[in-house]
Amino acid sequence: MKTPRRGAQGAPRGAGAVDLSVTLGPLRLKNPVVAASGTFGYGTEFLPYLRLSDLGGFVTKGLSLKPRRGNAPPRTCETPAGMLNAIGLANVGVEAFLDEKLPALRRHDTVVIANVFGETQDEYVAVARRLNGAPGLHAIELNLSCPNTDKGGIAFGVSPPVVRQVVAAVRRAAPGLPLIVKLTPNITDIAVAARAAREGGADILSLVNTFLGMAVDLKARRPVLDNLAGGLSGPAIKPLALYMVQRVYREVDLPIMGMGGISTAQDALEFMVAGSAAVQVGTVNFFDPKASVRIVREIAAWCRKEGVRAVREIIGALRLPPGAPPAPRAV
Amino acid sequence: MKTPRRGAQGAPRGAGAVDLSVTLGPLRLKNPVVAASGTFGYGTEFLPYLRLSDLGGFVTKGLSLKPRRGNAPPRTCETPAGMLNAIGLANVGVEAFLDEKLPALRRHDTVVIANVFGETQDEYVAVARRLNGAPGLHAIELNLSCPNTDKGGIAFGVSPPVVRQVVAAVRRAAPGLPLIVKLTPNITDIAVAARAAREGGADILSLVNTFLGMAVDLKARRPVLDNLAGGLSGPAIKPLALYMVQRVYREVDLPIMGMGGISTAQDALEFMVAGSAAVQVGTVNFFDPKASVRIVREIAAWCRKEGVRAVREIIGALRLPPGAPPAPRAV
Amino acid sequence: MPFDFPAPVVRHQAINRDHFLLTLESPRVARAARPGQFVMLRTRPGHDPLLRRPMSIYRVPPSGRGQVQILYKVVGSGTRYLSGQAAGARLDMLGPLGNGFRPPRPGRRPVLVAGGIGIAIFPFLVDRLLRRGSRPILLYGARCRGDLVALSYFQARRVPVRLVTEDGSAGARGLVTRLLEPILGGEGGEERCELFVCGPSPMLRAVGALAVEAGVPCQLALESQMPCGIGVCLGCVVPCPADADGPLYRRVCTEGPIFEAGTVEP
Amino acid sequence: MPFDFPAPVVRHQAINRDHFLLTLESPRVARAARPGQFVMLRTRPGHDPLLRRPMSIYRVPPSGRGQVQILYKVVGSGTRYLSGQAAGARLDMLGPLGNGFRPPRPGRRPVLVAGGIGIAIFPFLVDRLLRRGSRPILLYGARCRGDLVALSYFQARRVPVRLVTEDGSAGARGLVTRLLEPILGGEGGEERCELFVCGPSPMLRAVGALAVEAGVPCQLALESQMPCGIGVCLGCVVPCPADADGPLYRRVCTEGPIFEAGTVEP
Ligand SMILES: Cc1cc2nc3c(=O)[nH]c(=O)nc-3n(C[C@H](O)[C@H](O)[C@H](O)COP(=O)(O)OP(=O)(O)OC[C@H]3O[C@@H](n4cnc5c(N)ncnc54)[C@H](O)[C@@H]3O)c2cc1C
Ligand SMILES: Cc1cc2nc3c(=O)[nH]c(=O)nc-3n(C[C@H](O)[C@H](O)[C@H](O)COP(=O)(O)OP(=O)(O)OC[C@H]3O[C@@H](n4cnc5c(N)ncnc54)[C@H](O)[C@@H]3O)c2cc1C
Ligand SMILES: Cc1cc2nc3c(=O)[nH]c(=O)nc-3n(C[C@H](O)[C@H](O)[C@H](O)COP(=O)(O)O)c2cc1C
Ligand SMILES: Cc1cc2nc3c(=O)[nH]c(=O)nc-3n(C[C@H](O)[C@H](O)[C@H](O)COP(=O)(O)O)c2cc1C
Ligand code: FES
Ligand code: FES
């Protein structure tokens, strides 16, 4: 049975009446939908399909100090309701981004977020310093899933002290930009890394990056990906990401951009109810290039239908069972 | 282009010519397909659909010292290519298993494995001691995903010292039975837990149990599951499980029963190539109750087609890229 | 004993925009089925959706051609995909499952109480009741006129039908309990009837409570999320009145889906 | 400029057990398309399979009715589901994508070299070549007779066709390179031809190498796993001859799928 449609039965509300804007610490977005790093190129690739100004914002492909060509192919593989990728962080490098990509974005009224990574803390710092103050750039997002060559290739994001350090160093290097820290889900308790990022000075947390996975080519008896392993993304991971978002929301006092398998407005709203102040949409851009703006539109329609005047009202609205423990009971 | 079918072109091989048996330390299975705990009841529920003697073996629903009624509903929820469950380890208890369930299984020529859990180390030990020597029982499998009430509800399996201790204690309590230790995937590096299980005296490792996840009821703004979180299983998790099996195979010297999202013989064979000596099949039993024996049949057919005389030849046959690092490079 | 085989679609009729009548061929299921039982049906091949969907057996047409019918409403993706299956397609079908209705107690007139798509469980029961000389009546509530389906089945067999809709677009306006109260309250006397109820949980709760209060026997057909349908996942449980050991749960798929009112808390 | 809209299925013909010719309606794609380009097609609704599938544009029928044709072979689940789409279904289609073939160099006769389902890319090209007065010939290799499709298209237009099959069930026995060697080796002289090649990677490698050696211009149509088709995922790359900075990769979807032989290592 349906609950009565409040928006439809009460006084008529104009289409413009829904307030979609959200504020995450120092960052204000016109709506809560942000295209995720590595799935939206440098933004202009999507101009045939949508207006960038209809998006809350977008995150660039991860940028390193020097251009990177990435891993040998095969780099991707479809899996049940998901895909693996091992692109190897191919990108044009921070200089080419500033010279060639960023200027073309200034005429579009949207929030541009540069995703940053390095193989050492110094590289993170150098990229962030270079981006600090760049006109038309609104925030940086630190990708902590990158392997740390100083620590034998373990991802930065799994060691709380390393997280604290690299975040603090980047914080100092780019004082003028809101700092989003993107967490890896390949960790026993993501709240621990989230807390470390907060201590390091993060303004916003984004989660989750991809889950480590692999695929086997049975005929050849080889890994499908040349890199052996890759990162799993897409609808398959949605329940895992949603759990982590909810956990970090309850444990750490920082605004969250949640992501992982979002492909509809319903998915996006579920993340918001679980504690995301905004959402990022990734893999869906590959199989439905208009999805990001479709989701914005559908969120507005849902708010009208449900009588929600401002979408920010639903952030963290999840009603937990009475006495819900911080960790779930036996499953 | 297909590679020539060796079985078909060479001398004709009889249907019986393929050797499907596998040996995992002290445990010999007539074929590598084992039905997973919690998805096969106490075995007899599947008699309308298959012969238990066609299976390599099966694992019972997790057994505790006393009967448990489990969590309040809703207990399950479908997700993209997967499902969440928070059954809450409902089971008849070890006494009723020994009195009512096990006797009915003795007439079926298959390997019966009792899945064991406890909320304290003492409970694990008590259940294992009770099972030791039970006629018709071939092995026990320790479920280490259970919350440890002595440690604030953190799962046993995420703490290496706890793993080592509980495995060693059970090892002493049930000296007569092969000991399978089932690892949780909700951990930064599963190889660390695998090593601890080996040090504690495990004979065999099984992996993986379910991944922590949740679902949100948007309309009600509540978690779908009464328990808030649940365990994700099914095809969605296959790439994650396959990666972990491969990693443990390379890092720890114990035979592996791999599982996670297997629904076809191709999936099962991929796990074997990645290092599983046998596989367990779980969620597929729900949506295809004959799946386990179908997979046995299809594995035999595949071996014939590929000219594989004994399926054990393909265990760990994965050819890794030259110089593959123990952890993958940037994804 | 249940069976699991691919069943060919013989016919697939759209009743209105979101209700469909599906006829499958499965002589084994047709032979074994009893009223109140259900099947688990794969709605299309592949992993989306992953799980089969539970569907009551609407009828086993007495033609003897081994057919099984399902009446369903499109409510989500699984039923939407199912509605795209054309004649000739083969759908994995597991069944018959569950306990089914027990026959009415001697001397009692069966009063069928349906809410929404809950109607789908009753024609098979009526076929049997009529064969046994019972004279059932139907109380049928729905959201609106468009949600009232299968009426011609009952009319053709002269089963008295009383209707109620939430928006008043057909029959009286209100909930099905409104039709029930006069019957339980005397219209003929409470010893004379027995309730058979299928519909959404709030309706089951309300009708079950009225029946218990009136001392009328009442069988409730429950719904639940059912991953397996065969009693092994323990996912479909319904709470029962707690005993000394705390809350007790029963599996809707194998201990149900039919329960006596008062023994479960749907 | 590519478009992304649901395209209605106008016709769907089975050519043999595993080859199908699909006609979709999409005036925008039809107008914009050039030979050698492709579309990304959703094979059915939902998340299984998750990604769209790349398919060459087989033809834009000159009827002017805004139709786009796809010729495909069932090789896995996506193409199997696609083959179940009946007329009237609407399939999300993104395209036209990729660079397409460049016209042959002046004075050179186009020699089309097809392996297996690689044939699907050529009819659209032949339509254009014939309009420009070119006289293409086709060398066509497949595993067996049943894999040779679309022959009637070429015969109707008097395009000379030379066949080869691996099992000898039609044409000569062997690989398509066997047909190519006489042509490159003199039969008419190497200045006179230009190769257009589509087929599996080993064939592209072999034919590309022969062409480079013979100094004949040669355009290779590559395949690759393509999650997005629009240049953003960086998943579809092909290695190119390394330079000082090490291996270089190009995106097959946007920098290709057509590459000059010698510039990529398929
Ligand atoms: C024993 C039994 C018999 C049934 N018989 C019939 C029948 O004869 N005809 C008929 O149309 N339906 C019947 N149902 C309900 C039917 O199974 C669900 O409508 C169907 O599973 C929904 O699948 P979906 O993918 O379309 O919707 P989903 O996308 O899975 O869900 C859509 C909505 O339906 C709800 N829902 C999903 N599954 C169930 C369920 N099992 N029970 C209750 N609500 C559910 C969800 O919470 C959601 O709100 C029966 C259910 C049971 C348990
Ligand atoms: C630019 C381009 C144009 C194409 N044009 C056509 C065409 O006109 N007609 C046609 O029949 N096919 C064409 N293909 C190939 C087609 O995309 C694949 O056959 C299809 O994606 C397979 O999907 P599936 O789900 O059926 O198979 P899957 O289950 O995904 O795979 C089955 C087998 O096919 C292989 N495969 C999957 N995708 C590809 C791919 N993209 N390229 C090569 N091998 C693949 C897999 O490795 C596997 O061995 C084209 C591919 C590209 C890149
Ligand atoms: C092909 C691909 C490339 C990606 N590249 C990056 C990257 O450069 N930096 C980063 O922080 N995340 C990267 N990601 C992760 C996504 O931004 C996102 O965290 C993840 O895919 C989960 O969201 P989704 O399920 O919506 O895709 C990439 C993901 C994919 C699929
Ligand atoms: C409903 C359900 C109940 C389960 N119960 C148990 C259990 O009691 N003990 C246990 O060790 N694992 C249990 N599992 C985990 C499975 O045995 C298996 O590890 C997991 O589901 C992954 O495999 P799959 O993807 O093939 O299902 C359960 C899984 C499901 C879905
Ligand atoms: S549906 Fe699995 S136990 Fe009832
Ligand atoms: S398919 Fe995504 S970049 Fe080519």
Side-chain angles (χ1 to χ4, degrees), chain A residues 35-50 58 60-62 66-92 224-226 230 233-236 238 261 263-264 282-291 294, chain D residues 1-6 28-29 32 40-54 76-78 91-97 201 222-240 242-254 264-266:
Chain A
S37 179
T39 68
F40 214 69
Y42 302 97
T44 49
E45 292 90 333
F46 280 80
L47 290 176
Y49 314 107
L50 46 81
F58 81 89
T60 67
K61 178 68 189 153
K66 303 265 168 262
R68 282 172 64 120
R69 292 173 173 183
N71 293 332
R75 290 178 171 184
T76 65
C77 171
E78 198 181 41
T79 69
M83 64 174 277
L84 289 168
N85 88 81
I87 305 301
L89 296 166
N91 77 98
V92 298
V224 171
L225 301 177
D226 186 81
S233 64
K238 187 187 131 191
S263 71
T264 64
T283 303
V284 70
N285 297 308
F286 299 160
F287 60 84
D288 185 0
K290 294 174 180 169
R294 170 175 53 76
Chain D
M1 153 119 166
F3 304 95
D4 183 27
F5 290 100
R28 274 173 288 219
V29 175
M40 296 290 291
L41 205 58
R42 188 186 294 284
T43 59
R44 69 172 188 177
H47 289 328
D48 179 14
L50 186 67
L51 302 172
R52 301 193 193 188
R53 297 296 190 248
S77 62
L91 304 178
D92 288 331
M93 179 163 78
L94 166 62
L97 299 168
S201 296
L222 267 61
E223 282 205 358
S224 175
Q225 296 292 337
M226 285 194 181
C228 78
I230 57 174
V232 295
C233 75
L234 312 182
C236 63
V237 297
V238 58
C240 302
D243 63 16
D245 291 342
L248 179 75
Y249 303 109
R250 290 225 182 107
R251 288 166 299 181
V252 174
C253 64
T254 41
V264 290
E265 295 171 349

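Residue numbers start from 1 in every chain, and the chains themselves are labelled A, B, ... in the order their sequence lines are given, proteins ahead of strands. These values consider heavy atoms only, across backbone and side chains, with no hydrogens, waters or symmetry-generated copies.
Between M40(D) and P289(A) the shortest side-chain heavy-atom distance does not fall below 4.5 Å. Between T79(A) and L50(D), the closest side-chain pair of non-hydrogen atoms is not below 4.5 Å. Residues T254(D) and E45(A) fail the side-chain proximity criterion, which asks for heavy atoms closer than 4.5 Å. Considering only heavy atoms from C-beta on, T76(A) stays 4.5 Å or farther from L51(D) through its side chain. Looking at heavy atoms from C-beta onward, V232(D) lies in side-chain contact with F46(A) at the 4.5 angstrom threshold. Considering only heavy atoms from C-beta on, N85(A) stays 4.5 Å or farther from C233(D) through its side chain. The shortest side-chain heavy-atom distance between Y249(D) and N71(A) does not fall under the 4.5 Å cut-off.
Contacts of L94(D) with chain A are made by side-chain atoms alone, with heavy-atom separations under 4.5 Å and no backbone atom involved. P227(D) touches chain A through backbone and side chain together, each having a heavy atom under 4.5 Å away. For P74(A), no part lies near chain D; criterion is any non-hydrogen pair under 4.5 Å.
Note that the CD1 atom of I230(D) and the CG atom of N285(A) stand 8.0 Å from one another [nearest 0.5 Å].
A donor-acceptor pair is defined here as one N or O able to donate and one able to accept, closer than 3.5 Å; such a pair exists between the side chain of R75(A) and the backbone of L234(D).
Put simply, of R53(D), Q225(D), M226(D), the one with the most heavy-atom pairs under 4.5 Å next to chain A is R53(D). Note: D245(D) leads D245(D), D48(D), D92(D) in heavy-atom pairs under 4.5 Å with chain A. Of the listed residues (G229(D), G235(D), C236(D)), the greatest number of heavy-atom pairs within a distance under 4.5 Å of chain A belongs to G235(D).
Shortest non-hydrogen contact noted between P48(A) and M1(D) is O-CE, 3.9 Å. Between F287(A) and R42(D) the shortest heavy-atom distance is O-NH2, 3.3 Å.
Remark: Y49(A) pairs with no residue by the ring pair (Phe, Tyr, Trp, His ring centres under 6.0 Å) rule, at least two apart or across chains. Here S37(A) pairs with V59(A), N115(A), E141(A), K182(A) under the side chain to side chain contact (heavy atoms under 4.5 Å, CB included) rule; sequence neighbours left out.
With salt bridges taken as basic N to acidic carboxylate O contacts below 4.0 Å, one links D243(D) and R69(A).
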